[in-house]
S.K.: 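Can you keep this structure in mind? I'll have questions shortly.
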Amino acid sequence: MTPKILLVNPPIYDFAAYDFWLKPYGLLSVAGFLRSKADFNLFDYLDRLHPFMTKQKELQSDQWGRGRFYYEIIPNPPALSHIPRYYRRFGLPRNMFQRFLMKHPPCDFVLVQTMMTYWYPGVAEVIADTRKAWPKTKIILGGNYVTLCSNHAETLGADFLVQGINLQPLREYLDIKPDLKQPALWEAYGKLNTAVLRLSDGCPFSCTYCSVPKVYGQFGTRPPERSLAELQLLVKRGVKNIAFYDDALVFQAEKVLMPFLEEVLKRDIKVNLHSPNGLNARFITKDLAELMVQVGFKTFYLGLESVSSQWQQRTGSKVSSAELAKAVEHLTAAGAEPTNITAYQILGHPQTDIAELEASMHFANSLSIRGMLADFSPIPDTPDGEYCRMWVDMDEPLFHNKTAFPIILWGFDEVNRLKDLQRQLNRSLA
Ligand code: B12
Ligand code: SF4
């Protein structure tokens, strides 16, 4: 008998959340590998094209398909009770999932996506509701939280955890042989206007605040035919905006991204492309910038983190300020709108001082590009995350929260002042 599998992307419990092209790509990829070997259903609490969300005017998308989620304000969890911001539950209301479970016969397996470590309360909610309605169904978790906080994830009461990127244990548990050539299971959505792609896994750098090198080992490329087939599947389904989820999208661009984009040009595929996950400016050459703009990249997010060369060296030397300025020059010369180029800078990193951060913000502004403060989330088992044990209990993932940690470190007023300064600088460009 073909097994029945329910895929679930949980609600988010956080101070803030925005649909910055968020999709449960790990879950959809795994389901894609099992395509036609199981009957699938999907419940995505964050699907902004769900009729419940599309009815609400304030949740409408911007020109690139991003937008706000429906939310309810809820009490702060005790660990974060001292953070003076509203804590919320983002996503479809809880009773919709409960009704869904009542309406459908139990599945054999429920596969649950986990993402930010501090979003685990949403995962716990899904497990509790599934257990109650479908007590015999096996609940399987996979993704970032399970990989980075496996001991904590074990306490949530799921039946099986898939840690990291090795799918062999899952194959044995489900007793289904995956077909790794298959693209992600995008057809699980009724309607789709944004999606994501990944051409490679991992990163050649070792930034001291990042988990990617440890989780993925070395940088590796995905089969280009599979990515192209996935892109065509998406465009056929009416997707207009695609965000790359690569860790190092422009590394070895001449071998990976450039041939891919040339093929997109050749096949005359028209789609808006985005890079929310931070590009490494060092690798954005004149030729690459021209090709990216020509093929349809509309927004460019560049990782700067700090303008201090000492900080850059201490954390892994991934990029320098001069390299960032050069990349901006190439991108604007190629025709990118400067206001669609954004530099990320880390706010609330324990080894950044506030004056350094202000200098970084002014530096990005001097290049006529937007700045975005990337609030620091300390990650366990990384050098910088472990250093943060001085301030917070890293074994409680709620303390990895990106809104909370900078406030714990620098105070509420200082964080607000810096955010206001960033807004002012960005307004000065308009
Ligand atoms: C894309 C991405 C984003 C996207 C959005 C992601 C999303 N959907 O929410 C954007 C750019 C918006 C983003 C933002 C941020 N991110 Co981010 N992001 C990533 C990235 C690159 C990929 C995440 C992903 O989708 N993985 C899933 C897919 C791509 O992985 P895969 O390899 O194909 O999956 C395999 C296995 O993992 C497994 N698997 C995966 N999922 C599942 C599910 C099931 C059920 C099963 C069985 C198996 C399985 O099977 C797959 C096949 O082998 C990761 C790094 C990474 N490489 O994972 C960081 C990462 C998750 N982000 C991180 C951080 C720090 C952030 C920010 C806080 C940065 C900032 N300060 O602004 C913000 C927070 C955003 C927020 N809303 O709070 C951290 C995690 C922090 C944490 N505490 O959890 C990571 C790990 C990077 C890092 N620095 O180490 N991010
Ligand atoms: S360059 Fe980016 S993905 Fe690579 S280790 Fe540094 S922060 Fe992580």
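Just follow the structure's listing: the first ligand is 1, and inside any ligand the first atom is 1. Atom set for the values below is all heavy atoms of this structure, side chains included, hydrogens, waters and symmetry mates excluded.
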S.K.: Please work out whether any backbone atom (N, CA, C, O) or any side-chain heavy atom from C-beta onward of Asp247 is under 4.0 Å from ligand 1, and answer side chain, backbone, both or neither.
M.R.: side chain

S.K.: Just to confirm my output: which protein heavy-atom neighbour is closest to atom 8 (Fe) of ligand 2, and how far is it?
M.R.: Cys210 SG, 2.4 Å

S.K.: Roughly how far apart are Ser29 OG and Gln113 CD, rounded to 0.5 Å?
M.R.: 8.5 Å

S.K.: Using heavy-atom distances, let me know which of Leu167, Thr114, Ile346 sits nearest atom 52 (C) of ligand 1.
M.R.: Leu167

S.K.: Using the benzene-type ring in the case of Trp, are the ring centres of Tyr209 and Phe376 under 6.0 Å apart?
M.R.: no

S.K.: Could you check whether Asp14 pairs with Arg85 (Lys NZ or Arg NE/NH1/NH2 to Asp/Glu carboxylate O, under 4.0 Å)?
M.R.: no

S.K.: For the pair Phe15 and Tyr87, name the ring-plane relationship: parallel under 30°, tilted 30 to 60°, perpendicular over 60°.
M.R.: perpendicular

S.K.: If I take atom CG from residue Leu302 and atom CG from residue Leu367, how far apart are they, to the nearest 0.5 angstrom?
M.R.: 9.5 Å

S.K.: Looking only at protein heavy atoms, which one is nearest to atom 4 (Fe) of ligand 2, and what is the separation?
M.R.: Cys203 SG, 2.2 Å

S.K.: Looking only at protein heavy atoms, which one is nearest to atom 12 (C) of ligand 1, and how far off is it?
M.R.: Phe20 CD2, 3.7 Å

S.K.: Taking distance alone, with no angle check, do Asn144 and ligand 1 share an N/O pair under 3.5 Å?
M.R.: yes

S.K.: In terms of atom number and element, which parts of ligand 1 are under 4.0 angstrom from non-hydrogen atoms of Val112?
M.R.: 45 (C)

S.K.: Between ligand 1 and Lys402, is the shortest N or O to N or O distance under 3.5 Å?
M.R.: no

S.K.: For Arg48 and Ser61, does a side-chain donor sit closer than 3.5 Å to a side-chain acceptor?
M.R.: yes

S.K.: Would one find an N or O of Gln113, backbone or side chain, under 3.5 Å from an N or O of ligand 1?
M.R.: yes

S.K.: Any nitrogen or oxygen of Tyr344 lying under 3.5 Å from a nitrogen or oxygen in ligand 1? Just yes or no.
M.R.: no

S.K.: Numbering the atoms of ligand 2 from 1, which are under 4.0 Å from a heavy atom of Tyr209?
M.R.: 7 (S)

S.K.: List ligand 1 atoms under 4.0 Å from Pro276, heavy atoms only on the residue side.
M.R.: 11 (C)

S.K.: Students should be able to answer this: which protein heavy-atom is nearest to atom 64 (C) of ligand 1, and at what distance?
M.R.: Met116 SD, 4.1 Å

S.K.: Answer yes or no: is there a side-chain heavy-atom contact under 4.5 Å between Asp420 and Arg417?
M.R.: no

S.K.: At what distance, to the nearest 0.5 angstrom, does CZ of Phe43 lie from CG of Asn9?
M.R.: 10.5 Å

S.K.: Please check whether Trp119 reaches ligand 1 - meaning an N/O of the residue sits under 3.5 Å from an N/O of the ligand, judged on distance alone.
M.R.: no

S.K.: Touching ligand 1 at all, Ser377? Heavy atoms, strictly under 4.0 Å?
M.R.: yes

S.K.: Quick check for you: to the nearest 0.5 Å, what is the distance between Asn193 atom CG and Lys240 atom NZ?
M.R.: 8.5 Å

S.K.: How about Tyr245: does its OH atom have over 12 heavy atoms from other parts shown lying under 6.0 Å from it?
M.R.: yes

S.K.: With side-chain hydrogen bond (donor to acceptor under 3.5 Å, both in side chains) as the test, pick out the partner of Asn426 among Gln422, Gln424, Arg423.
M.R.: Gln422

S.K.: At a 4.0 Å threshold, what atoms of ligand 1 neighbour a non-hydrogen atom of Ser211?
M.R.: 86 (C), 88 (C), 90 (O)

S.K.: Starting from atom 49 (C) of ligand 1, which protein heavy atom do you reach first, and at what distance in Å?
M.R.: Gly143 N, 3.7 Å

S.K.: Should Asp47 and Met53 count as side-chain neighbours, where that means a heavy-atom distance under 4.5 Å?
M.R.: no

S.K.: Starting from atom 2 (Fe) of ligand 2, locate the nearest protein heavy atom and write down its residue, its atom name and how far away it is, to 0.1 Å.
M.R.: Lys318 NZ, 4.2 Å

S.K.: Below 4.0 Å, non-hydrogen atoms only: which portion of Lys23 touches ligand 1? Side chain, backbone, both or neither.
M.R.: backbone

S.K.: Assert yes or no for the condition that the ring centre distance of Tyr118 to Phe405 is strictly below 6.0 Å.
M.R.: no

S.K.: Indicate yes or no: at least one non-hydrogen side-chain atom of Val319 is less than 4.5 angstrom from one of Phe205.
M.R.: no

S.K.: Considering heavy atoms of the protein only, find what lies nearest to atom 35 (C) of ligand 1 and give residue, atom and distance to 0.1 Å.
M.R.: Ile165 CG2, 4.2 Å

S.K.: Just to confirm my output: which protein heavy-atom neighbour is closest to atom 51 (C) of ligand 1, and how far is it?
M.R.: Val30 CG2, 4.0 Å

S.K.: Can you confirm whether Asp44 sits close enough to Pro24 that some side-chain heavy atom of one is under 4.5 Å from a side-chain heavy atom of the other?
M.R.: yes

S.K.: Would you say Asp246 has any N or O atom under 3.5 Å from an N or O of ligand 1, going by distance alone?
M.R.: no

S.K.: Return the residue, atom name and 0.1 Å-rounded distance of the protein heavy atom closest to atom 5 (C) of ligand 1.
M.R.: Leu22 CD2, 3.5 Å

S.K.: Taking only heavy atoms of Cys207, which atoms of ligand 2 are found under 4.0 Å from at least one of them?
M.R.: 1 (S), 5 (S), 6 (Fe), 7 (S)

S.K.: Using a 4.5 Å cut-off on heavy atoms from C-beta on, say whether the side chain of Phe260 contacts that of Leu231.
M.R.: yes

S.K.: Under 4.0 Å from atom 24 (C) of ligand 1, can you find at least one protein heavy atom?
M.R.: yes

S.K.: Before accepting this row, confirm whether a basic side-chain N of the pair Glu230/Arg198 lies closer than 4.0 Å to the acidic partner's carboxylate O.
M.R.: no

S.K.: Is it the side chain (CB and beyond), the backbone, both or neither of Trp21 that lies under 4.0 Å from ligand 1, heavy atoms counted?
M.R.: neither

S.K.: Does Ala243 come within less than 4.0 Å of ligand 1, judged by its heavy atoms?
M.R.: no

S.K.: Return a yes/no value for Thr117: is any of its N or O atoms, backbone included, closer than 3.5 angstrom to an N or O of ligand 1?
M.R.: yes

S.K.: Does a side-chain N-to-carboxylate-O contact under 4.0 Å join Lys132 and Asp129?
M.R.: no

S.K.: Please check if a non-hydrogen protein atom sits closer than 4.0 Å to atom 55 (C) of ligand 1.
M.R.: yes

S.K.: Are any of the side-chain heavy atoms of Thr382 and Tyr387 separated by less than 4.5 Å?
M.R.: no

S.K.: What's the shortest distance from atom 71 (N) of ligand 1 to any protein heavy atom, and which residue and atom give it?
M.R.: Asp375 O, 2.6 Å

S.K.: Pull out every atom of ligand 1 sitting under 4.0 Å from any heavy atom of Gly164, numbered as shown with elements.
M.R.: 36 (C), 37 (O), 38 (C)

S.K.: Quick one: are Leu46 and Ile12 in side-chain contact, heavy atoms under 4.5 Å?
M.R.: yes

S.K.: Less than 4.5 Å apart, side chain to side chain, heavy atoms only: is that true for Asp246 and Asn277?
M.R.: no

S.K.: Just to check, does Arg222 reach to within less than 4.0 Å of ligand 1 when the distance is taken from its heavy atoms?
M.R.: yes

S.K.: Under 3.5 Å, N or O to N or O, is Tyr209 touching ligand 1 that way?
M.R.: no

S.K.: Side chain of Glu323, backbone of Ser320: donor and acceptor closer than 3.5 Å?
M.R.: yes

S.K.: Taking only heavy atoms of Phe205 into account, list the atoms of ligand 2 that are under 4.0 Å away from them.
M.R.: 1 (S), 5 (S)

S.K.: Looking only at protein heavy atoms, identify the closest one to atom 34 (O) of ligand 1 and say how far it is in Å.
M.R.: Gly26 CA, 4.0 Å

S.K.: Is the shortest N/O to N/O distance between Ser29 and ligand 1 below 3.5 Å?
M.R.: no

S.K.: Just which atoms of ligand 1 are under 4.0 Å from any heavy atom in Cys210?
M.R.: 88 (C), 89 (N), 90 (O)

S.K.: Is ligand 1 under 4.0 Å from a heavy atom in the side chain of Thr147, in the backbone, in both, or in neither?
M.R.: neither

S.K.: Among Tyr118, Tyr216, Tyr245, which one puts a heavy atom closest to atom 31 (P) of ligand 1?
M.R.: Tyr216

